[in-house]
Amino acid sequence: MSKLGLFDRAIILLWLEDLSYEEIGQIVGISTKNVSVRLVRIREQLKKMK
């Protein structure tokens with residue numbers, strides 16, 4: 001996970017804390033839809049890193 005960018009790392013860590021997409025979006029300053037898209041991409045990146 002350390003290979004992720006700072007912004008992506010923040011999003012995934014907030015998601016792991018069981019925050020809703022809306023809450024994550026408010027914290028990092030992006031839309032709920034953008035949170036959803038970024039999480040999909042982050043999880044794909046993490047799968048490739050295994």
Side-chain angles (χ1 to χ4, degrees):
M1 194 152 68
S2 63
K3 293 181 181 180
L4 291 174
L6 187 60
F7 192 71
D8 288 345
R9 201 175 320 149
I11 292 172
I12 197 76
L13 289 173
L14 290 169
W15 178 74
L16 289 170
E17 292 288 327
D18 288 329
L19 270 67
S20 70
Y21 287 8
E22 185 176 331
E23 291 170 314
I24 295 169
Q26 289 174 351
I27 291 168
V28 299
I30 60 175
S31 70
T32 304
K33 180 65 177 171
N34 201 343
V35 171
S36 174
V37 170
R38 290 189 79 108
L39 279 169
V40 168
R41 292 179 182 164
I42 292 166
R43 286 182 281 207
E44 286 175 7
Q45 285 179 337
L46 290 172
K47 286 179 186 177
K48 291 177 184 176
M49 288 180 191
K50 283 186 175 181

**Study point:** Distance (rounded to the nearest 0.5 Å) between I42 CD1 and L13 CG
**Key:** 9.5 Å
Point to revise | Point-to-point distance, once rounded to the nearest 0.5 Å, from CE of M49 to CG of L4 | key: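 Atom-to-atom, M49:CE and L4:CG are 4.5 Å apart.
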Which pairs would a plain distance check flag for residues 23-35, meaning a side-chain donor or acceptor within less than 3.5 Å of a matching protein atom at least two apart in sequence or in another chain?
from : atom 1 : to  : atom 2 : distance (Å)
E23  : OE1    : S20 : N      : 2.8
E23  : OE1    : S20 : OG     : 3.3
S31  : OG     : N34 : N      : 3.1

Point to revise | Whether over 12 other heavy atoms sit under 6.0 Å from R9 CZ | key: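 Enclosed.
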Review point. In terms of hydrophobic clusters joined by side-chain contacts under 4.5 Å, are L39 and L16 together?
Key: yes
Review point. Does F7 belong to the same Ile/Leu/Val/Met/Phe/Trp/Tyr cluster as L14, with side-chain heavy atoms less than 4.5 Å apart forming each link?
Key: yes
Check your understanding: Does the pair W15 and I11 meet the rule for a side chain to side chain contact (heavy atoms under 4.5 Å, CB included), with working shown?
Key -> CA-CA 6 Å; W15 178 74; I11 292 172; 5.5 Å; no
